[in-house]
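Single-structure report; data block below.
What you see is a predicted model; the values in this text were computed from it and never measured.
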Amino acid sequence: MKEYDIFVPLFHNDGRRIDRRVFRFIHRAPLDQFNGVTFFPQPNQGSWRAGGVTYRDRIVVYRVLCRGTAIDREFLVDLKVTLKRELQQEEILIIERDVKTL
């Protein structure tokens, strides 16, 4: 079984808040594909450095559990491409983990 965390910024790079419709789409798409999604609505702050500059972002996290088939992974890769385009981001972080359930 695989677990995927999707890190989604709350603001565009120019400081505008991400439209709520985007978050509804991010919630609905994995729910429709995998029949389940967990949303962690509490804002988190991430920081990273590139080219000597420290960047900060406020994000929320969506988590998906699935079988981890090639089709599942392809869906998440396509979702990442869509989110990068819609949110005008150079990168969207999606973490993949192997998990076992009891």
Side-chain angles (χ1 to χ4, degrees):
M1 180 169 275
K2 295 282 187 181
E3 175 182 77
Y4 295 90
D5 282 347
I6 306 163
F7 291 68
V8 181
L10 293 172
F11 298 91
H12 289 282
N13 291 335
D14 63 6
R16 289 178 297 121
R17 194 169 219 3
I18 303 290
D19 191 299
R20 290 186 181 273
R21 290 176 292 173
V22 174
F23 294 103
R24 285 193 293 269
F25 165 77
I26 297 168
H27 191 93
R28 188 184 65 247
L31 179 61
D32 291 347
Q33 180 72 23
F34 304 116
N35 297 316
V37 63
T38 300
F39 173 54
F40 297 92
Q42 65 277 13
N44 296 278
Q45 182 171 322
S47 300
W48 69 97
R49 288 195 178 126
V53 176
T54 300
Y55 297 91
R56 289 179 181 78
D57 211 354
R58 293 187 64 204
I59 56 100
V60 291
V61 179
Y62 291 83
R63 179 171 292 157
V64 174
L65 292 172
C66 60
R67 293 183 316 271
T69 65
I71 292 170
D72 295 340
R73 200 163 200 282
E74 182 179 335
F75 170 84
L76 289 156
V77 168
D78 290 345
L79 179 63
K80 179 176 181 160
V81 169
T82 299
L83 293 177
K84 285 171 60 174
R85 182 183 66 246
E86 292 297 316
L87 301 175
Q88 301 166 351
Q89 297 288 311
E90 289 185 29
E91 189 59 67
I92 293 291
L93 179 62
I94 299 180
I95 296 176
E96 176 185 65
R97 293 182 200 86
D98 290 319
V99 296
K100 294 180 182 179
T101 60
L102 299 178

Distance (rounded to the nearest 0.5 Å) between T82 OG1 and K84 NZ: 11.0 Å
For the student: nearest non-hydrogen atoms of S47 and R56, plus distance: OG-CG, 3.4 Å
ILVMFWY cluster, F11 and F25 together (side-chain gap under 4.5 Å): yes
Distance, nearest 0.5 Å, that separates CD of Q45 from CZ of R58: 7.5 Å
F39 and F23 aromatic centres sub-6.0 Å: no
Heavy-atom pair with the smallest gap, counting every atom of P9 and I18: O-CG1, 3.4 Å
For C66 against Y4, the heavy-atom pair lying closest together: SG-CE1, 3.6 Å
Residues, nucleotides or ligands: over 12 heavy atoms within 6.0 Å of E90 CD: no
In one Ile/Leu/Val/Met/Phe/Trp/Tyr side-chain cluster, 4.5 Å: V22, V8: yes
Test item: F7 and D57 side chains (from C-beta on) under 4.5 Å apart, heavy atoms: no
F40 versus V60, closest heavy-atom pair with distance: O-CB, 3.6 Å
Partner of I6 under side chain to side chain contact (heavy atoms under 4.5 Å, CB included), chosen from L93, V61, L83: L83
Nearest-0.5 Å distance, CD1 of residue I92 to CG of residue L79: 9.0 Å
Beyond-backbone contact of L65 with K2, side-chain heavy atoms, under 4.5 angstrom: no
D5 and R97, any side-chain heavy atoms less than 4.5 Å apart: yes
Parallel, tilted or perpendicular, as decided by the 30° and 60° cut-offs, for the rings of W48 and Y55: parallel
Any side-chain heavy-atom pair of I26 and V37 under 4.5 Å: no
Straight-line distance of M1 CE to K100 NZ, nearest 0.5 Å: 12.5 Å
Straight-line distance of I59 CD1 to Q42 CD, nearest 0.5 Å: 9.0 Å
Residue pair D72 / R67: nearest heavy atoms and the distance that separates them: OD2-N, 3.5 Å
R63 atom CZ, neighbour heavy-atom count above 12 within 6.0 Å: yes
Heavy-atom closest contact (E86 atom, H12 atom, distance): O-CE1, 4.1 Å
L10 CG to R17 CZ distance, which is reported to the nearest 0.5 Å: 5.5 Å
Test item: R24 and R21 side chains (from C-beta on) under 4.5 Å apart, heavy atoms: yes
Residue pair F34 / L76, side-chain heavy-atom distance below 4.5 Å: yes
